[in-house]
Amino acid sequence: MLSPRMSDDEIAAASAELDGQPPEVVLRWAVERFQGKLLFSTAFGPEGCCILHMLADIGPGFHAINLETGYQFKETLELRERIKERYGIDVELVKPELSVAAYEEEHGGPLYNIRPDQCCFDRKVLPLRKAVVGYDAWISSIRRDQTKDRAVAKVVQWDAKFNLVKVNPLLSWTFKDVWSFVHKHKVPYNPLHDQGYPSIGCWPCTAPVEAGQDERAGRWVGSKKKECGLHVIEHQGGSGI
(Lines give C-alpha, C1' and ligand atoms only; values in the text may rest on other atoms or scores of the structure.)
Protein backbone atom coordinates (compact mmCIF):
# COMPACT_ATOMS: atom_id res chain seq x y z
CA MET A 1 0.00 0.00 0.00
CA LEU A 2 1.38 3.41 -0.96
CA SER A 3 1.97 5.87 1.86
CA PRO A 4 -0.28 8.95 1.60
CA ARG A 5 1.43 12.33 1.47
CA MET A 6 1.82 13.87 4.92
CA SER A 7 -0.03 17.10 5.69
CA ASP A 8 1.77 20.07 7.26
CA ASP A 9 0.10 19.28 10.59
CA GLU A 10 1.21 15.64 10.42
CA ILE A 11 4.79 16.68 9.63
CA ALA A 12 4.85 19.12 12.55
CA ALA A 13 3.37 16.53 14.92
CA ALA A 14 5.84 13.84 13.83
CA SER A 15 8.77 16.22 14.23
CA ALA A 16 7.65 17.23 17.71
CA GLU A 17 7.18 13.60 18.73
CA LEU A 18 10.52 12.46 17.35
CA ASP A 19 12.63 15.43 18.41
CA GLY A 20 15.21 14.19 20.92
CA GLN A 21 14.56 10.52 20.13
CA PRO A 22 17.51 8.25 19.23
CA PRO A 23 18.29 8.13 15.50
CA GLU A 24 17.28 4.47 15.34
CA VAL A 25 13.77 5.40 16.50
CA VAL A 26 13.51 8.14 13.88
CA LEU A 27 14.74 5.84 11.12
CA ARG A 28 12.40 3.00 12.09
CA TRP A 29 9.50 5.45 12.05
CA ALA A 30 10.53 6.66 8.56
CA VAL A 31 10.91 3.14 7.15
CA GLU A 32 7.49 2.13 8.50
CA ARG A 33 5.75 5.39 7.58
CA PHE A 34 6.95 5.65 3.98
CA GLN A 35 6.75 1.96 3.07
CA GLY A 36 9.40 1.67 0.37
CA LYS A 37 9.06 5.28 -0.80
CA LEU A 38 12.05 6.35 1.29
CA LEU A 39 15.36 7.53 -0.21
CA PHE A 40 18.64 7.96 1.62
CA SER A 41 21.28 10.17 0.00
CA THR A 42 24.77 9.78 1.45
CA ALA A 43 28.18 11.22 0.64
CA PHE A 44 29.74 8.45 2.78
CA GLY A 45 30.69 10.82 5.57
CA PRO A 46 30.87 9.27 9.04
CA GLU A 47 27.31 10.41 9.74
CA GLY A 48 26.01 8.70 6.61
CA CYS A 49 27.90 5.51 7.40
CA CYS A 50 26.31 5.50 10.87
CA ILE A 51 22.87 5.77 9.28
CA LEU A 52 23.66 2.93 6.88
CA HIS A 53 24.67 0.81 9.87
CA MET A 54 21.34 1.58 11.58
CA LEU A 55 19.28 1.00 8.44
CA ALA A 56 20.95 -2.36 7.91
CA ASP A 57 19.68 -3.39 11.35
CA ILE A 58 16.17 -2.08 10.67
CA GLY A 59 15.83 -3.93 7.39
CA PRO A 60 14.49 -3.21 3.89
CA GLY A 61 12.17 -0.37 2.98
CA PHE A 62 14.60 2.26 1.72
CA HIS A 63 16.85 2.95 -1.26
CA ALA A 64 20.33 4.44 -0.80
CA ILE A 65 22.11 6.66 -3.33
CA ASN A 66 25.33 8.64 -3.62
CA LEU A 67 25.56 11.77 -5.77
CA GLU A 68 28.60 10.86 -7.83
CA THR A 69 29.73 14.25 -9.12
CA GLY A 70 32.75 12.79 -10.89
CA TYR A 71 34.99 14.72 -8.50
CA GLN A 72 34.81 12.43 -5.47
CA PHE A 73 37.97 11.07 -3.86
CA LYS A 74 38.88 7.52 -4.83
CA GLU A 75 38.81 6.69 -1.11
CA THR A 76 35.14 7.71 -1.03
CA LEU A 77 34.23 5.37 -3.87
CA GLU A 78 36.28 2.58 -2.31
CA LEU A 79 34.28 3.06 0.90
CA ARG A 80 31.11 2.35 -1.07
CA GLU A 81 32.46 -1.13 -1.79
CA ARG A 82 33.37 -1.69 1.85
CA ILE A 83 29.84 -0.67 2.87
CA LYS A 84 28.40 -3.14 0.39
CA GLU A 85 30.63 -5.92 1.71
CA ARG A 86 29.80 -5.17 5.36
CA TYR A 87 26.06 -4.50 5.14
CA GLY A 88 24.93 -5.86 1.78
CA ILE A 89 23.67 -2.38 0.84
CA ASP A 90 24.48 -1.52 -2.78
CA VAL A 91 24.43 2.27 -2.78
CA GLU A 92 23.42 3.50 -6.24
CA LEU A 93 25.71 6.05 -7.88
CA VAL A 94 23.55 8.87 -9.26
CA LYS A 95 25.49 10.84 -11.87
CA PRO A 96 24.95 14.21 -13.59
CA GLU A 97 23.84 14.29 -17.20
CA LEU A 98 27.32 15.28 -18.41
CA SER A 99 30.59 13.56 -17.58
CA VAL A 100 33.33 15.68 -16.01
CA ALA A 101 35.13 15.90 -19.35
CA ALA A 102 32.00 16.99 -21.24
CA TYR A 103 30.99 19.41 -18.49
CA GLU A 104 34.39 21.10 -18.38
CA GLU A 105 34.51 21.27 -22.17
CA GLU A 106 31.09 22.93 -22.24
CA HIS A 107 32.22 25.58 -19.76
CA GLY A 108 35.74 26.08 -21.05
CA GLY A 109 37.30 24.40 -18.02
CA PRO A 110 36.40 23.49 -14.43
CA LEU A 111 33.80 25.62 -12.65
CA TYR A 112 34.65 24.54 -9.10
CA ASN A 113 37.16 27.39 -8.61
CA ILE A 114 35.31 30.23 -10.32
CA ARG A 115 31.62 29.32 -9.95
CA PRO A 116 31.41 26.67 -7.23
CA ASP A 117 27.71 27.26 -6.55
CA GLN A 118 26.89 26.52 -10.18
CA CYS A 119 29.08 23.43 -10.14
CA CYS A 120 27.33 22.11 -7.01
CA PHE A 121 23.92 22.90 -8.46
CA ASP A 122 24.59 21.13 -11.74
CA ARG A 123 26.35 18.10 -10.30
CA LYS A 124 24.52 17.60 -6.97
CA VAL A 125 21.23 19.49 -6.69
CA LEU A 126 19.87 18.71 -10.16
CA PRO A 127 20.74 14.98 -9.97
CA LEU A 128 19.03 14.72 -6.56
CA ARG A 129 15.93 16.46 -7.92
CA LYS A 130 15.69 13.73 -10.53
CA ALA A 131 16.52 10.95 -8.09
CA VAL A 132 13.74 11.82 -5.61
CA VAL A 133 10.99 11.54 -8.20
CA GLY A 134 8.62 8.77 -7.10
CA TYR A 135 9.68 8.94 -3.44
CA ASP A 136 7.70 10.43 -0.54
CA ALA A 137 10.63 11.23 1.75
CA TRP A 138 14.41 11.39 1.88
CA ILE A 139 16.87 10.99 4.73
CA SER A 140 19.82 13.30 5.27
CA SER A 141 22.79 13.03 7.65
CA ILE A 142 22.95 16.66 8.73
CA ARG A 143 23.61 17.84 12.30
CA ARG A 144 22.38 21.10 13.85
CA ASP A 145 25.87 22.08 15.01
CA GLN A 146 27.43 22.02 11.53
CA THR A 147 26.19 25.24 9.86
CA LYS A 148 23.68 28.06 10.41
CA ASP A 149 21.31 26.57 7.83
CA ARG A 150 21.36 23.17 9.49
CA ALA A 151 20.91 24.74 12.94
CA VAL A 152 17.25 25.57 12.18
CA ALA A 153 16.34 22.22 10.64
CA LYS A 154 13.65 19.94 12.11
CA VAL A 155 13.76 16.18 12.62
CA VAL A 156 10.89 15.88 10.13
CA GLN A 157 10.13 18.73 7.74
CA TRP A 158 8.79 19.57 4.31
CA ASP A 159 11.60 20.12 1.82
CA ALA A 160 10.39 22.65 -0.73
CA LYS A 161 13.62 22.39 -2.72
CA PHE A 162 12.95 18.75 -3.60
CA ASN A 163 9.18 18.61 -3.00
CA LEU A 164 9.02 15.81 -0.44
CA VAL A 165 9.43 15.15 3.28
CA LYS A 166 12.95 15.34 4.70
CA VAL A 167 13.99 13.28 7.72
CA ASN A 168 17.07 14.31 9.75
CA PRO A 169 17.72 11.58 12.35
CA LEU A 170 21.16 12.83 13.48
CA LEU A 171 20.12 16.43 14.03
CA SER A 172 20.91 16.52 17.75
CA TRP A 173 24.17 14.55 17.49
CA THR A 174 27.59 16.16 17.85
CA PHE A 175 30.88 15.38 16.12
CA LYS A 176 31.85 13.41 19.23
CA ASP A 177 28.59 11.43 19.16
CA VAL A 178 29.24 10.40 15.56
CA TRP A 179 32.73 9.12 16.18
CA SER A 180 31.76 7.39 19.41
CA PHE A 181 29.17 5.41 17.42
CA VAL A 182 31.66 4.67 14.64
CA HIS A 183 34.23 3.26 17.04
CA LYS A 184 31.72 1.39 19.22
CA HIS A 185 30.17 -0.42 16.26
CA LYS A 186 33.28 -0.55 14.06
CA VAL A 187 31.46 1.27 11.28
CA PRO A 188 33.53 1.52 8.06
CA TYR A 189 34.71 5.07 7.36
CA ASN A 190 36.84 7.02 4.91
CA PRO A 191 40.58 6.73 5.74
CA LEU A 192 41.02 10.40 4.82
CA HIS A 193 39.40 11.22 8.17
CA ASP A 194 42.61 9.95 9.77
CA GLN A 195 44.66 12.28 7.57
CA GLY A 196 43.21 15.62 8.67
CA TYR A 197 39.98 15.65 6.69
CA PRO A 198 37.06 15.83 9.16
CA SER A 199 34.60 16.75 6.38
CA ILE A 200 34.96 15.34 2.87
CA GLY A 201 33.29 16.42 -0.34
CA CYS A 202 34.68 16.69 -3.86
CA TRP A 203 38.49 16.60 -4.06
CA PRO A 204 38.95 20.04 -5.69
CA CYS A 205 36.95 21.71 -2.90
CA THR A 206 38.17 19.78 0.14
CA ALA A 207 41.39 20.37 2.09
CA PRO A 208 42.78 19.06 5.39
CA VAL A 209 42.33 21.27 8.45
CA GLU A 210 44.61 22.25 11.29
CA ALA A 211 44.04 21.04 14.84
CA GLY A 212 41.35 23.13 16.52
CA GLN A 213 39.78 24.38 13.31
CA ASP A 214 36.08 23.96 12.58
CA GLU A 215 35.32 20.58 11.04
CA ARG A 216 34.08 22.22 7.82
CA ALA A 217 37.00 24.67 7.55
CA GLY A 218 38.48 22.57 4.79
CA ARG A 219 35.45 22.91 2.52
CA TRP A 220 35.74 25.57 -0.20
CA VAL A 221 38.79 27.09 1.47
CA GLY A 222 39.15 30.82 0.94
CA SER A 223 35.44 31.45 0.40
CA LYS A 224 32.38 31.94 2.61
CA LYS A 225 30.72 28.94 1.00
CA LYS A 226 30.15 26.07 3.45
CA GLU A 227 27.22 24.25 1.82
CA CYS A 228 26.82 22.44 -1.49
CA GLY A 229 23.23 23.67 -1.75
CA LEU A 230 21.31 20.55 -0.77
CA HIS A 231 20.57 21.85 2.73
CA VAL A 232 20.44 25.62 2.21
CA ILE A 233 17.30 27.53 3.19
CA GLU A 234 15.32 28.63 0.15
CA HIS A 235 12.07 29.71 1.77
CA GLN A 236 11.12 31.47 4.97
CA GLY A 237 10.34 29.20 7.87
CA GLY A 238 13.08 26.76 6.85
CA SER A 239 10.99 24.96 4.24
CA GLY A 240 13.87 24.76 1.81
CA ILE A 241 16.48 23.29 4.12
Least distance between heavy atoms, Ile51 atom then Ser140 atom: CD1-O, 3.7 Å
Using a 3.5 Å cut-off and no angle test, enumerate the donor-acceptor pairs between side-chain atoms of residues 175-183 and protein atoms at least two apart in sequence or in another chain.
residue	atom	partner	partner atom	Å
Asp177	OD2	Thr174	N	2.9
Asp177	OD2	Thr174	OG1	3.1
Ser180	OG	Lys176	O	2.9

In one Ile/Leu/Val/Met/Phe/Trp/Tyr side-chain cluster, 4.5 Å: Val25, Leu27: yes
Hphob cluster co-occupancy, Leu77 + Phe40, side-chain heavy atoms under 4.5 angstrom: no
Minimum heavy-atom distance between Met6 and Ala14, given as atom pair plus value: CE-CB, 4.0 Å
Any pair counted as side-chain hydrogen bond (donor to acceptor under 3.5 Å, both in side chains), so long as it reaches residues 49-68, sequence neighbours left out: His53-Tyr87, His63-Glu92, Asn66-Gln72, Glu68-Gln72
Heavy-atom neighbours of Gln118 CD exceed 12 at 6.0 Å: yes
Minimum side-chain heavy-atom gap Val165-Trp138 below 4.5 Å: no
Pairwise salt bridge (charged side-chain N to carboxylate O under 4.0 Å, His left out) hits with a residue in residues 40-53, at least two apart: Glu47-Arg143
Audit row: Phe44, Arg82, side-chain contact (heavy atoms from CB on, under 4.5 Å) steps and yes/no: CA-CA 11 Å; Phe44 297 112; Arg82 291 164 52 210; over 6 Å; no
With sequence neighbours excluded, residues passing salt bridge (Lys or Arg N to Asp or Glu O under 4.0 Å) with Glu24: none
Those residues that, when tested against Val132, pass side chain to side chain contact (heavy atoms under 4.5 Å, CB included) (two or more places apart): Leu39, Leu128, Phe162, Leu164
Path from Leu126 to Tyr135 over hydrophobic side-chain contacts below 4.5 Å: yes
Minimal non-hydrogen separation, Ala64 against Ile89, with atom names: CB-CG2, 4.2 Å
Closest heavy-atom pair and its distance - Gly201, Arg219: CA-NH2, 3.5 Å
Contact summary for Thr69 and Cys202, nearest pair of heavy atoms: OG1-SG, 3.1 Å
side-chain hydrogen bond (donor to acceptor under 3.5 Å, both in side chains) contacts in which one or both residues fall within residues 202-211, not counting sequence neighbours: none
Lys84: salt bridge (Lys or Arg N to Asp or Glu O under 4.0 Å) partners, not counting sequence neighbours: Asp90
From CG (Leu52) to CD1 (Ile83), nearest 0.5 Å: 5.5 Å
Which residues share a salt bridge (Lys or Arg N to Asp or Glu O under 4.0 Å) with Arg144, sequence neighbours left out: Asp19
For residues 99-113, which side-chain donor-acceptor pairs fall under 3.5 Å, sequence neighbours excluded?
residue	atom	partner	partner atom	Å
Ser99	OG	Ala102	N	3.1
Tyr103	OH	Asp122	OD2	2.7
Glu104	OE2	Tyr71	OH	2.5

Heavy-atom donor-acceptor pair, Lys37 side chain to Gly134 backbone, under 3.5 Å: yes
Side chains of Pro188 and Leu79 in contact at under 4.5 Å (non-hydrogen atoms): yes
Side-chain heavy-atom pair Arg115, Phe121 within 4.5 angstrom cut-off: no
Euclidean distance, Leu55 CG relative to Phe62 CZ, rounded to 0.5 Å: 4.5 Å
Distance-minimising heavy-atom pair for Arg86 and Lys186: NH1-O, 2.6 Å
Side chain to side chain, Val209 and Glu215, heavy atoms closer than 4.5 Å: no
Pairwise side-chain contact, Val156 with Arg33, heavy-atom cut-off 4.5 Å (strictly under): no
Interatomic distance, Asp159 atom CG to Asn168 atom CG [nearest 0.5 angstrom]: 8.5 Å
Atom pair OG (Ser15) and NZ (Lys166), whose distance is rounded to the nearest 0.5 Å: 12.5 Å
Separation of Lys130 NZ from Lys95 NZ (nearest 0.5 Å): 14.5 Å
Under the side chain to side chain donor-acceptor pair (under 3.5 Å) test, residues paired with Asp194 that sit two or more places apart: Tyr189
Reported CE-to-CD1 distance for the pair Met54 and Ile139, which is rounded to 0.5 angstrom: 11.0 Å
Expected output: side-chain Arg80 to main-chain Val91 donor-acceptor under 3.5 Å: yes
Connected via hydrophobic side-chain network under 4.5 Å: Val94 and Leu98: no
Gln195 atom CD, neighbour heavy-atom count above 12 within 6.0 Å: yes
